[in-house]
Amino acid sequence: MTSPHDLDFDDQRIEKARGLGDSGLQAYPHTFERKDTILDIRRRFHDIGHDKSEEQVVTAGRIYTVRDHGKTVFADLGDESGRIQLYIRKNDIGPEQFDTVVRRLDRGDIAGVSGHVFRTKLGEITIWVDGITILSKALCALPEKFHGLRDVEKRYRNRYIDLIVNEESREKFRVRSRVIAALRRYLEDRGFLEFETPILQPVYGGANARPFTTFHHALSQNLFLRIAPELYLKRLVVGGFEKVFEVARNFRNEDIDSHHNPEFSMVEIYEAYRDYNDMIALSEGIISHIVNRIHGTYEVCVDGTVIDFTPPWRRLSMEEAVLEYAGIEVREKDTETLRSIARDRGIKEYEEPKTWREFLVLFFENLVEDQLVQPTFVHDFPVENSPLAKSHRVKEGFTERFELFIYRMEIANGFSELNDPLDQQVRFEAQDRRRLAGDCEAQMIDYDFINALGYGMPPTGGVGIGIDRLVMLITGSTSIKEVILFPQMKSGEGACDQEPSPDDPEQ
RNA sequence: GGGCUUGUAGCUUAGUUCGGCAGAGCGACGGACUCUUAAUCCGUAGGUCAAGGGUUCAAAUCCCUUCAGGCCCGCCA
């Protein structure tokens, strides 16, 4: 949609819109006094009989179908709350209105109607219309009424059409909104405060990912779109806010697939004087509450698989998980033995790990994750790839970190937050060496954050929950694009495909 | 980044295996019809078969390139 040639406008509809003007009407009037929603009407008249109601109703919505019988027209009118049938007779509204308005009415138009409610011979609650106005003439034709819009590319690129004609799609986004509302309510009820932290960051951190880079002209410096709000939220804990969260849009410059979009939503939560065990309990509480709130039960069906969210959920350490699901006892085995096991199991990256703990992660990611269907907390991760998590109180070489897996997806990630500034500096420096060695997903050193820890952060637990993936589970969707209103798609011709040059910030 | 796969009218699609006039339904337009509901009936228009190139007497169909999707893998959440 980069040029006027891409518009779906229909010449005949444009003519009808002009015709309305010629008849002294407006194709796009300013107001209409809607008195009833369609749901209101359905509720109020659910037991109406064949005789017309005494009471008049006034409602508005989109015309979804028109069944023209000559001097009688049946149509279906839909608003956000539902649909209702209209019964329009030339005798009732008069020949002038019938010819100027009804004859110019198309599927897709927004119309306002007044009338009385009755039930047709075939038992359908219907508005017997005594007045009708076009409130917005649709210049574009709607997709076919029976099959709707199936083409996924068109559904994502022109989401408004998808929402108009596919009620399942509209319902998914209604659920998404309710999930986020329930999430905020849950946390606010427990004394958490929501804050907004910078999306444009001079130093990115809080996760291992490649960032988007941009340039601020007035400051004459590079800025990064945040990959996570973590380091700013922890600064708030240093500052004395003990229960904080942010529903954050994060940006990661990675590939797009059925579980990843370049911008995605996550709630990050931090609570002082708590540890990762408390964050496991909090995550379980939030998610099970939301599922129950939306579905009225703890069971959800995704693509034929029933997922049971009834708490408590399974908890096992990463070592236990690898032992149980892959049958490998990893602890303290020498790396040559582990390397040959990895090779025998067909793991391509068997050359890379250098310690038994790195093999543990390798086995977990390659052999275990895909088996975790029911909600499962996996805890105690090796220190090497958890630069922001506190070292484990008893297990040497491990951190107090957990991840929640549901339906083979990582849904949450949390830990006892590292609050030792000297340890944090060492961990950052290790990351920085990897970054300078070419690992573009390793983290930058955020000295201001280390400095903040230097002022003292209480022992704190934190967790991030992926909202898009959670909504996928709750709506039974198998693609993240089904739950993101406007997923990232490649633009057609006219899009800039040049990477901006650092020497040319104007681009 | 790699593999597989899809693209036909506004929408949903048949036709691609094995090359032989591009079809249908809905929608649109014209007409009939005052309780229909995927309304029905009669008629009409609508196609650069994603784009470009090649093979062939002949290409939606076979081959190549490109564009845009989808699925899987790698990476990431």
Side-chain angles (χ1 to χ4, degrees), chain A residues 7-13 15-16 50 64-76 83-93 98 106-108 118-126 128 138-158 161-162 165-166 206-211 227-228 248 250-266 268 347-349 365-366 369-370 385 403-405 408-413 439-441 464-470 472 478-481 487 489-493 495 497:
Chain A
L7 296 172
D8 296 328
F9 292 0
D10 179 330
D11 291 340
Q12 284 154 335
R13 287 180 177 231
E15 278 313 304
K16 284 181 184 172
H50 189 62
Y64 276 93
T65 52
V66 178
R67 295 180 289 281
D68 185 350
H69 291 242
K71 295 183 186 66
T72 304
V73 173
F74 287 90
D76 295 323
R83 294 191 188 184
I84 196 164
Q85 179 168 258
L86 305 180
Y87 179 52
I88 310 164
R89 301 199 319 175
K90 191 169 184 174
N91 282 9
D92 298 321
I93 65 170
F98 198 80
D106 284 307
R107 201 165 159 262
F118 78 114
R119 193 177 293 276
T120 64
K121 268 191 217 164
L122 295 171
E124 173 114 10
I125 290 181
T126 300
W128 195 315
L139 299 184
C140 307
L142 252 33
E144 200 215 3
K145 62 189 172 192
F146 186 57
H147 296 92
L149 184 63
R150 290 276 89 92
D151 180 54
V152 290
E153 183 175 355
K154 183 131 187 156
R155 284 182 51 231
Y156 300 152
R157 287 187 190 277
N158 303 77
I161 309 176
D162 180 42
V165 299
N166 294 327
N208 295 325
R210 191 172 166 181
I227 58 176
N250 295 339
F251 304 85
R252 299 191 186 174
N253 206 338
E254 315 271 1
D255 269 2
I256 298 169
D257 63 26
S258 58
H259 294 85
H260 300 88
N261 194 63
E263 51 183 300
F264 67 103
S265 298
M266 167 165 287
E268 284 205 7
I347 300 172
K348 277 179 265 174
E349 309 86 350
E365 289 177 348
N366 283 277
E369 277 188 16
D370 280 354
N385 39 19
E403 289 186 348
L404 168 64
F405 289 86
R408 295 179 276 270
M409 293 189 289
E410 186 190 329
I411 298 296
N413 177 14
D439 181 353
C440 57
E441 282 156 10
I465 300 172
I467 289 175
D468 311 283
R469 289 179 175 183
L470 182 59
M472 284 172 70
T478 53
S479 169
I480 201 168
K481 290 185 168 76
M489 304 285 276
K490 185 151 181 168
S491 311
E493 67 240 59
D497 60 358

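Every chain is numbered from 1 and lettered A, B, ... according to where its sequence line falls, protein lines coming before strand lines. Predicted model, so just to flag it, every value in this text is computed and none were measured.
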Starting from [atom2] on [N], measure out to [atom1] on [X] and report it in whole angstrom.
X        : N      : atom1 : atom2 : answer
A:Asp92  : B:rU34 : CG    : P     : 14 Å
A:Arg150 : B:rG7  : CZ    : P     : 18 Å
A:Leu142 : B:rA28 : CG    : C1'   : 13 Å
A:Lys16  : B:rG30 : NZ    : C1'   : 12 Å
A:Asp151 : B:rG69 : CG    : P     : 12 Å
A:Leu149 : B:rA9  : CG    : P     : 14 Å
A:Gln12  : B:rG27 : CD    : P     : 15 Å

Strictly distance-based, threshold 3.5 Å: is any side-chain N or O of [X] a donor or acceptor partner for the main-chain N or O of [Y]?
X        : Y        : value
A:Arg252 : A:Ile227 : yes
A:Asp468 : A:Ser265 : yes
A:Arg107 : A:Tyr64  : yes

Report task. Just jot down the salt bridge (charged side-chain N to carboxylate O under 4.0 Å, His left out) partners of A:Arg67, sequence neighbours excluded, or say none. Result -> A:Asp76

**Report entry** N or O in side chain of A:Lys154 less than 4.0 angstrom from B:rA50 OP1/OP2
**Finding:** no

[N] - base-pair partner by Watson-Crick or wobble geometry, distances under 3.5 Å:
N      : value
B:rU61 : none
B:rA45 : none
B:rA68 : B:rU6
B:rG1  : B:rC73
B:rA22 : none

Hey, are the side chains of [X] and [Y] touching, using non-hydrogen atoms and a 4.5 Å cut-off?
X        : Y        : value
A:Ile411 : A:Ile465 : yes
A:Glu254 : A:His260 : no
A:Lys481 : A:Met472 : no
A:Phe74  : A:Thr72  : yes

Query - Per-nucleotide protein contact string for nucleotides 35-43 of chain B, where B marks a base within reach and S marks sugar-phosphate only (heavy atoms under 4.0 Å, - for neither) - result: BBBBB----

Query - Where protein sits on nucleotides 70-77 of chain B, one letter per nucleotide: B base, S sugar-phosphate only, - none, heavy atoms under 4.0 Å - result: SSSSBBBB

Report task. Determine the sole option in A:Lys154, A:Arg157, A:Arg150, A:Arg155 for which the side chain to side chain donor-acceptor pair (under 3.5 Å) test with A:Asp162 is passed. Result -> A:Arg155

Query raised in the report: Would you call the rings of A:Trp128 and A:Tyr87 parallel, tilted or perpendicular if under 30° counts as parallel and over 60° as perpendicular?
Result: perpendicular

Query raised in the report: Can you tell me how far OG1 of A:Thr120 sits from CD of A:Gln85, rounded to the nearest 0.5 angstrom?
Result: 6.0 Å

With rounding to whole Å, what would you report as the distance between [N] and [M] at their [atom1] atoms?
N      : M      : atom1 : result
B:rC4  : B:rA14 : P     : 23 Å
B:rA60 : B:rG54 : P     : 15 Å
B:rA9  : B:rG15 : C1'   : 15 Å
B:rG70 : B:rU61 : P     : 24 Å
B:rA50 : B:rU8  : C1'   : 10 Å
B:rG19 : B:rA24 : P     : 25 Å
B:rA38 : B:rG25 : C1'   : 10 Å
B:rU65 : B:rU5  : P     : 14 Å

Query raised in the report: Just checking A:Gly148: base, sugar-phosphate only, or nothing, at a heavy-atom cut-off of under 4.0 Å?
Result: sugar-phosphate

